[in-house]
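Below is one structure, written out as structure tokens; comments come after it.
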Amino acid sequence: MSTFFSRLHRGPITSVSYTIPDDDAPVQPKDSCTDAAARLMSTSCAARYLGKSVWTIRRMFFAGELRAIRGKHLKFDKRDLDLWIEANKGQFK
């Protein structure tokens, strides 16, 4: 029996098995931004909330434009995001 060896991986490549959930299993979203009661948001939810990219949100945080709670991941307060929106509103003539 011959075994395939990858150039980057020094061992044999083994097959990976995945389990397929049954039709009645509840599906959980990977990143749920729809919880209206949640006050803290992840970077991706804050980006979606402000209509910007994740990297723009990170740049705004490191530039001091947005405040966040630092931990394992950045968490943004919805109130701070609302204040940023109010401060950056412009009127068009």
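In this text, all values refer to a predicted model and were calculated from it rather than measured experimentally. Only this structure's heavy atoms are used, side chains among them; waters, hydrogens and symmetry mates stay out.
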note = Of all heavy-atom pairs linking Cys33 and Arg48, the shortest is SG-NH1, 3.5 Å

remark   = For Asp77, the side-chain hydrogen bond (donor to acceptor under 3.5 Å, both in side chains) test, sequence neighbours excluded, returns Arg39

request  = Answer with yes or no whether the hydrophobic clustering places Val54 together with Phe62; edges join I, L, V, M, F, W, Y residues whose side-chain heavy atoms lie under 4.5 Å apart.
outcome  = no

task = Any chance you could measure Leu40, atom CG, to His73, atom NE2, to the nearest 0.5 Å?
result = 13.5 Å

inquiry  = Quick check: closest heavy atoms across Arg67 and Phe61, and the distance to 0.1 Å?
reply    = C-CD1, 4.4 Å

query = Atom CZ in Arg59, atom OG in Ser53: separation rounded to 0.5 Å?
reply = 6.0 Å

task = Answer whether the closest heavy-atom distance between the side chains of Met41 and Lys75 falls below 4.5 Å.
result = no

key: Connected via hydrophobic side-chain network under 4.5 Å: Ile85 and Phe76   = yes

remark   = side chain to side chain contact (heavy atoms under 4.5 Å, CB included) test vs Leu50 passes for just one of Thr56, Leu66, Asp82, namely Leu66

request  = Flag yes if Ile69 and Ile57 sit in one hydrophobic cluster, no otherwise; membership is Ile, Leu, Val, Met, Phe, Trp, Tyr, and two members link when side-chain heavy atoms are under 4.5 Å apart.
outcome  = no

Qualifying residue, where the test is side chain to side chain contact (heavy atoms under 4.5 Å, CB included) with Trp84 and the options are Asn88, Asp80, Leu81 = Asn88

task = First locate atom CZ of Arg58, then atom OG1 of Thr43, and finally report the distance between them rounded to the nearest 0.5 Å.
result = 5.5 Å

